[in-house]
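Accompanying notes for the structure given below.
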Amino acid sequence: MSSIKSRFLNAAASDEAAGAGCRTVFPVRDYDLGATLNSGQTFRWQRREDGWEGVIGSRWVRLRMEADRPGSRRERISFQTSAAAARGRNAGVIVAETAQPLNDWRWLADYLQVGLDLGGVLATFPDDGPMRAAVAACRGLRLLRQDPWECLASFILSSTKQIVQIRRIVALLCERFGDPVMVPNGCEAAFAFPTPERVAAAGESELRACKMGFRAPNLRAAARKVGDGEVDLSRVAGLPTAAARAELMRLPGVGRKIADCVLLFAYGFQAAFPVDVWVMKALRRLYFPRRRVALKRLQQFTETHFGPHAGHAQQYLFHYARVHAKLKE
DNA sequence: TACCAGGAGAGCG
DNA sequence: CGCTCTCATGGT
């Protein structure tokens with residue numbers, strides 16, 4: 001453990017920029033880092049003994065929570081501590097480490113959305129039984145703000161795949177086509193998510209070798225359209241929700257659900273409400289028991305019932321349905 | 001073994 | 001429209 005610290009100190013000492021370091025800290029409250037990184041919105045994080053390791057953009061990152069304890073120093077949260085602490089009810093900090101020293105951490109604060117007033121968001125949720133149960137069960141669950149291309153490509157690969165499998169496909173894609181990124185001494189090699197240009201240049205059989213099956217031609221064609229500017233991902237951010245969704249749906253392999261995932265997880269459109277099989281099950285069971293409701297009708301319901309932060313409500317329902325066996329049926 | 005997985009898109013009546 | 005089928009692969 002101390003050897004890890006000294007490695008980072010050495011790396012920091014070699015930096016020419018004064019004040020730059022390989023570590024920073026974000027004070028947070030109600031932030032369940034584990035649930036957030038493992039709730040099916042991103043597929044790049046691996047749980048290690050000392051936190052979570054992943055790649056954001058072209059940077060290797062390690063994250064872990066430390067909780068504030070009354071009357072004592074901050075205590076590292078092990079994964080075996082009390083459920084209350086693990087759910088992030090306590091105030092604490094997110095400790096972040098990178099492989100190279102930095103003096104500007106805004107990119108990470110933005111990714112983690114540490115500035116969000118979660119209580120304010122939760123207060124806008126409808127005051128009904130299902131929502132109360134989901135919030136109580138998933139306190140501290142957050143939405144990240146991811147890179148649009150990585151998010152889009154990942155969800156093109158997600159259709160009818162289990163989350164563990166999506167992670168594996170994305171990992172293979174990055175290993176084979178992504179640029180290697182700097183990692184601390186002794187850490188496993190890590191790779192950036194491949195650019196649209198690189199994916200478009202890959203052969204379909206090379207992509208299929210990453211176990212993505214029939215999704216390969218869709219990913220490749222979408223990469224080409226994004227790479228050559230036929231669909232401009234940077235423009236989507238400034239569009240009204242419906243137009244932004246329609247723009248994304250011009251891409252092959254992107255329907256309503258995947259478009260909404262990208263709108264919510266990458267662009268932060270709060271009205272986007274992706275309805276997948278889990279959310280559909282949860283909605284039917286919790287809000288329309290013993291009634292046959294079509295997907296279209298369910299979508300109309302989600303547009304009016306969950307308020308201005310419907311997307312957040314969706315993530316709570318999704319995680320609640322997935323984690324709690326009662327809803328699995 | 002059979003069924004299902006953070007779906008999309010074509011083909012059908 | 002609204003429904004059904006297929007697509008590729010692996011987990012449970």
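Chain identifiers are assigned alphabetically (A, B, ...) following the order of the sequence lines, protein sequences preceding nucleic acid strands; residue numbering begins at 1 within each chain.
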Ring-plane angle category for A:H309 and A:H312, please: parallel below 30°, perpendicular beyond 60°, tilted otherwise. perpendicular
Taking the six-membered ring for Trp, are A:F269 and A:Y267 parallel (under 30°), tilted (30 to 60°) or perpendicular (over 60°)? perpendicular
Once side-chain contact (heavy atoms from CB on, under 4.5 Å) is applied, do any residues pair with [X], and if so which ones, sequence neighbours excluded?
{"X": "A:R168", "answer": "none"}
{"X": "A:Q300", "answer": "A:R297"}
{"X": "A:T36", "answer": "A:Y31, A:Q41, A:L141, A:R142, A:L144"}
{"X": "A:A259", "answer": "A:R245, A:L248, A:M249, A:V254"}

Ring pair (Phe, Tyr, Trp, His ring centres under 6.0 Å) against A:F273, all qualifying residues, sequence neighbours excluded: A:F306
Could you tell me which residues satisfy ring pair (Phe, Tyr, Trp, His ring centres under 6.0 Å) with A:Y316, sequence neighbours excluded, listed by chain and number? A:F125
Measuring only the P atom in each nucleotide, how far is B:dG6 from C:dT4? A whole number of Å is fine. 22 Å
Regarding A:R64 and the six-membered ring of A:W52, is the cationic atom NZ or CZ under 6.0 Å from the ring centre and inside 45° of its axis? no
Check nucleotides 9-13 of chain B for protein N or O atoms closer than 3.5 Å to its own N or O atoms and list the pairs.
from: B:dG9; atom 1: OP1; to: A:G253; atom 2: N; distance (Å): 2.9

Taking any heavy-atom pair under 4.0 Å as a contact, classify A:F43: base, sugar-phosphate, or nothing. nothing
Using a 4.0 Å heavy-atom cut-off, does A:S39 contact any base of the nucleic acid, only the sugar-phosphate backbone, or nothing at all? base
Here the residues of residues 289-313 of chain A within 4.0 Å heavy-atom distance, strictly under, of DNA chain C are A:R292
Would you mind building the protein contact string for nucleotides 5-12 of chain C? One character per nucleotide, 5' to 3', B for base within reach (heavy atoms under 4.0 Å), S for sugar-phosphate only, - for untouched. --BBBSS-
Residue-level proximity of residues 144-158 of chain A to DNA chain B when a heavy atom falls under 4.0 Å: A:S158
Would you mind listing every salt bridge (charged side-chain N to carboxylate O under 4.0 Å, His left out) that reaches into residues 98-112 of chain A, with sequence neighbours excluded? A:D104-A:R106
Where at least one partner belongs to residues 192-204 of chain A, residue pairs that pass salt bridge (charged side-chain N to carboxylate O under 4.0 Å, His left out), sequence neighbours excluded: A:E204-A:R208
So, are A:R256 and A:E303 salt-bridged, with charged N and O less than 4.0 Å apart? yes
Are the side chain of A:E206 and the backbone of A:G203 linked by a donor-acceptor contact shorter than 3.5 Å? yes
A:W278 on top of B:dG6's base, within under 5.5 Å and under 30°? no
